[in-house]
Structure formats: structure tokens, C-alpha cells
Novice: 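Handing you this structure, nothing more for now.
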Amino acid sequence: MSRAAALPRCRRGPQWRWNSTLHYNGWFPPGQEIRLSLEQDLLEQRLKRIGDLKALGFRPYGARFDFTHTIPQILSEYGSKTSDQLAPRVDVRVCGRIQTLRRMGKAGFAHLAQNGERLQIYVKKDAVSGRDFALYELLDLGDIIGAEGYLFRTRTGELTVHVERLEHLAKTLLSMPEKWHGLEDVEMRYRQRYLDLIANPEVRRVFETRGRIISSLRRQLEQRGFLEVETPMMQPLYGGAAARPFITHHNTLDVDLYLRIAPELYLKRLVVGGLERVYEINRNFRNEGISTQHNPEFTMLEFYQAYTDYRGLMDLSEELLRQTALDAAGTTVAEFEGHRIDFAGVRRLSLREAVIEYWKDGPRPSMEQLADAEWLKWRSTKGTPGEAVLDLFERYAEAELIQPTIIYDYPVETSPLSKSKPDEPGYVERFEIYAAGMEIGNAYTELNDPQEQRRRFEMQLRMREKGDEEAHQMDEDFLRALCYGMPPTSGEGIGIDRLAMILTGSRSIRDVILFPLLRPEEAIGLAERLRSLDAV
RNA sequence: GGGCCGGUAGCUCAGGCGGUAGAGCAUCUGCCUUUUAAGCAGAGGGUCGCGGGUUCGAGUCCCGCCCGGCUCACCA
């Protein structure tokens, strides 16, 4: 059993029947005592408590609650006020989830959590009605309640609500993670992210930062006149990247479709149609391995700007990254795996310069050697000189690119959609952005000559025939669009998940994706147990 | 897919060379009207991931499998 199953699995078979009492039906030796699991006991207790709440006239799953402040608002408004400054009394109505509970007989304290912050409340028997005090005595860690009262400071100085009325808003039936260590089990954190969010405040911060990254990019692109669009996720032909796709099926049309590996070819069709600055922030799906840097579905920003080239996008990228870091993290410097990664500026060097600079295998090669097919053959198993140079880059340089770096000018063989350099047909006007040793962006001057695009597709088809499963397919509809004329254009993709990793200091991509793909969990058996307790 | 590490109470974790499973938090009972990892006294709670094997005896040793993490390969 995986540790993620928060509940012990239901025991199946005729000898067991979950109920308020355990029924013995002849499968166990007579007289043998069989104990209920704790979770079962707990469920039963909590469901009984719901009955008690109802008897007091409370709704166990509550109703609308009109609060005067959120907890963060109270903390920012009154967090630094002294006792004297809280007089005359400040009345508040607040709500949140109970995160700590300290009962002391006829009084007690609790912390309510809301929006990632917590506020203490104090419930004293003399200060509330008998009904509300009875409710207080029925509260469990994790319940969601509303409280009305006035602010004061306790003897130890903590800002606290002196409660005069309580409201019950939602009951928790299962026990909360441990209060001191939080939820540590990685698998459970991913599968039951809501528990992770409840128990580990820093997780909320990560996803708040991720949200700010995306809104910052949207705002910056919109300020520059880019239009946000959405293009198909289900595509009859997949393209725009080198990757294996997921396949799905549409019943009525009776066609197989691919989940997109990139939106590129559709966005360029839009540029043909006159949407000169477009962008899309959305999911791509690649049927490849899973690692700390790869999730099968991941979020990309992809944008296209007509009438510029890859040099123009280098400048734009540098500005976008700097401002995104500032908006998301408040500083251009990110702490990642012991490195201080500074997005204030982006270094630029060509792919071949990077191979030379980071060469680790004897004397550094020369530019001439990197252009020499014979020389390359001895140093890489790849089939073409261009692929060999890229191979050398990935082996020697990629992991060394810790500070944000633009690597430019790529071999044509590995870039079927990019425009060639006018003076060097074996290379294309393409760059990738690296940081923390990861590729976080990829951009190029778009190939807009349909004849050349046709030849590139045919080159890819030949690679595919040689067994390269990821080589690009022929896309005639896209070729047709280019035949109507696409302005000189440059486009770029930025991996949002990886950028979020760097800006939040997360070592695994799963820590910046709320629900990363995991193998499905086995049956939990909760419905059956709830059913067995339904009459309680 | 390969290598390494892990899975023990609801949660966080101990369990030396194989000898009938422990702690803290949480839960339950009692006490406690400014506590804060509240406290005090007591109680309950375990198919030790699953299945085989070795053994008089397995949480512990061996084999297979499941789930997860890291890493390599692939990929962005």
C-alpha cells in the first residue's frame, strides 16, 4: 500500500462489515476480539458530533458568513497596534479553519487560518452564550468556523479576538496533519495537495509566486500590444516541437487526435492572418519521461511578433525576465540550489562559443574544428555535423549555464521551423535561454518561405524514416498558410514551470505544479465507510 | 527503462546480531477562565506497502511485485 492512502484500506470479504458496531458473521473464530481502526472510530465520532451540532441548532456545513475582515487584513491593520490603541473596542467578524486548539476548561484559545495567515481567538464561558460555548466544546482541529467579537492583546501580547458569538461553517471528518512537522510525505503532498496547502504555509507562497509570474508576463505582453489567444489542444497533426504525443479519440468524428506538443503552427497561422503580436499561455503535452524537470503536461508561454527577428526577441526576453522576477519575487535575484541567479541581465554567447568555453576534454577546439564534419565524427555519435555540435553543447555546456544565458545560432538539422542565417546556411537564427542549468526558453526567427519550409519538412520526413520518432511531420495546411505570405516574424516559448522553479527555489517541477501526474491511487474505500455510518 | 534510497498508529518518526511492536502530536475520559509545540492524570488505536521463501520464530534475512523520491538515459 502506498503511504498516500490516508486511510487504511477497507477490508473486503464477508467477515467485515463497517458499522457502528462490528458484526461477527461466522468467519472469525468465536470470541476473538476485533478492533476498529482509529480512522473508523474518528469518522464515527465526528459524524456523531454533527448530530450534536444539529441538536444545538447549528448547521454542520454552515451558510454564508459575512465577515468584516479577512485574517490578513486584520493582521496588517491591527498587527502593530498596542492594547491602548485597540480601545475603544474594535469589533470584527472573521472566519477560517481551526489550526490549533488549546482548551482550558471554561475557556480556551484557537488559531484560525485564512489565506495563509493565522489569528488567535479566545473563547471564554462568561463571554458567550451557553449554546455557543457548547459549540466551542464540539470543535475539532480543521473545522471551519466564524467568530464575532473584539480585538485585544493577551498577556503574552498576541493580537486575539475576544469571542462573543461563534458560528459553525464546515465540519472536518478526518484528522489534520501533524501541527509541528506539517505534512512531509511527498506522495501525499502531491496527491492530496489541499492537505499540503493546509499544513505547509510555504506551499501556498510558491503557488502565489507562480500566479504572479503568469500575471506579470500577461501584463507585460499586453502593454506591448500582444493579444492573448487560445489555439487547439486537440490537433489532427502534432508539430512545433520534437516530442512524442498523447493520442485521443473523438467519437462523433471518429478520428484520432493528438494532444498538442506545442501551439506554434497555429500561432503562426494567426500571424499570417494579421494578428501581428499574439501570445498563448497554456498547457503542452509530451508523452515522455517524468523527472524533476519534466511533467507530461506543462505550461508554456508562446508569443509571436511580426517584423522583428531573433535579435529583437533577445532584447525583449531580457526585459521580460527581469521584470517578471521583480513582480513575482520582488527582486531580480533568485536563490536556487545554493546559487544566486540574477535576472538583472542575460549573458549572450553562440552555441559554438559555449562548446568551446565549456570544453572539458583536453585542449579547446577551434571554430574551424566545430565546422569540420570529420573532426566532429570522432567526438559525437550523432548522424550529422549539426546534431553533433548540439550534442557537444548539451554534454559540456548546458549544466554549467547557471546565470541566465542566451545561447544563439543553432544547426539547421535540429531546427526545422527556423529561418537560416543569410551568410551561413547550416545554421539558423535561433536562441535558447538557460538558467540554473535548465533550458527555460526557445526562440527563433520564423521560417516564412513556404518552399524552404517544404524542404525542411521533407528533411524531417527522411529523419523519421531513419527511425527518428520525434522528427517533424509534414503539415500541408500550415504550408498552405505560409503560401499566403507571413510577414518576417520571430517567436519564442518560455517554460513557465521551470521559470517558477527558479523564482521559488523549488528543486522539482512537481513542487510548482499543483497536481503533478502520478500513477493512479488504488481504491480508497471511503465511500463504503461513509455509507456504513450514514445512519449514525 | 537502469542504478540508489524509502514505505512501521490518522500525522511525524524510532525500532543494534531474527525472540510477542514504541515515542511525540492527534483521538477519547477527567481536571484546568490569558494559553500558544499549553499543562496534569488515565485510556484506546497497528494486515509493520503486497505476496512468497528461509527459520522453532521475520518489522528485521532472501526473492518477486506495488507505490513514491533521487539519479542516469530521453525531453523543455
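So you know, we letter chains A, B, ... as the sequences are listed, proteins then strands, and number each from 1. Only heavy atoms go into these numbers, but all of them, side chains included; no hydrogens, no water, no symmetry mates. This structure is a prediction, so every number in the text was calculated from the model and none was measured.
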Novice: Do the rings of A:His162 and A:Tyr150 sit parallel, tilted or perpendicular, given the 30° and 60° boundaries?
Specialist: parallel
Novice: Indicate, with a heavy-atom threshold strictly under 4.0 Å, whether A:Arg189 touches base, sugar-phosphate, or nothing.
Specialist: nothing
Novice: With nearest nucleotides of RNA chain B determined for A:Arg46 and A:Met438 from heavy-atom distances, which residue corresponds to the more 5′ nucleotide?
Specialist: A:Arg46
Novice: Name the nucleic acid region contacted by A:Ala199, choosing base, sugar-phosphate or nothing; use a 4.0 angstrom heavy-atom cut-off, strictly under.
Specialist: nothing
Novice: Which nucleotide in the set B:U35, B:A26, B:U33 lies at the smallest distance from any side-chain heavy atom of A:Ala107?
Specialist: B:U33
Novice: Kindly confirm whether the side-chain ring of A:Trp180 is stacked on the base of B:G24, judged by centres under 5.5 Å and planes under 30°.
Specialist: no
Novice: Can you tell me which residue pairs pass the salt bridge (Lys or Arg N to Asp or Glu O under 4.0 Å) test with a partner in residues 386-403 of chain A, sequence neighbours excluded?
Specialist: A:Lys360-A:Glu400, A:Asp391-A:Arg395
Novice: Could you write out RNA chain B as dot-bracket? Rules: Watson-Crick or G-U wobble, both distances under 3.5 Å, brackets [ ] for crossings, | for pairs with another strand, dot for unpaired.
Specialist: (((((((..((((.....[..)))).(((((.......))))).....(((((..]....))))))))))))....
Novice: For A:Gln120, answer base if it contacts any base atom (sugar-phosphate contacts may also be present), sugar-phosphate if it contacts only those atoms, and nothing otherwise; contact means non-hydrogen atoms under 4.0 Å.
Specialist: base
Novice: When all nucleic acid strands are considered with a 4.0 Å heavy-atom cut-off, which category describes A:Arg519: base, sugar-phosphate, or nothing?
Specialist: sugar-phosphate
Novice: Taking atom types as they are modelled, is there a donor-acceptor pair under 3.5 Å from the base of B:U35 to the side chain of A:Thr154?
Specialist: yes
Novice: Applying a 4.0 Å non-hydrogen cut-off, can you work out what A:Gly182 is touching in the nucleic acid: base, sugar-phosphate, or nothing?
Specialist: sugar-phosphate
Novice: I'd like to know if A:Lys106 and A:Asp126 make a salt bridge, using a cut-off of under 4.0 Å between side-chain N and carboxylate O.
Specialist: no
Novice: Heavy atoms under 4.0 Å, any strand shown: does A:Asp126 hit a base, just sugar-phosphate, or nothing?
Specialist: base
Novice: Determine whether any donor atom in the side chain of A:Arg155 lies under 3.5 Å from an acceptor atom in the base of B:U34, or the reverse, and answer yes or no.
Specialist: no
Novice: Mind checking A:Asn295 for me? I need base, sugar-phosphate or nothing, with any heavy atom below 4.0 Å counting as a touch.
Specialist: base
Novice: With sugar-phosphate meaning primed atoms plus P, OP1 and OP2, does A:Arg118 contact a base, only sugar-phosphate, or nothing at under 4.0 Å between heavy atoms?
Specialist: nothing
Novice: May I ask you to say what A:Ile440 touches in the nucleic acid, namely base, sugar-phosphate or nothing, with a heavy-atom cut-off under 4.0 Å?
Specialist: nothing
Novice: Please work out if A:Phe152 contacts a base, only the sugar-phosphate, or nothing of the nucleic acid, heavy-atom cut-off 4.0 Å.
Specialist: base
Novice: Any carboxylate oxygen within less than 4.0 angstrom of a Lys/Arg side-chain nitrogen, looking at A:Asp52 and A:Arg49?
Specialist: no
Novice: Assuming nearest nucleotide by heavy-atom distance, tell me which of A:Lys125 and A:His181 is located more 5' along RNA chain B.
Specialist: A:His181
Novice: Separation of A:Leu101 atom CG from B:C11 atom P, in whole Å?
Specialist: 20 Å
Novice: Base, sugar-phosphate, or nothing for A:Gln45, non-hydrogen atoms under 4.0 angstrom?
Specialist: sugar-phosphate
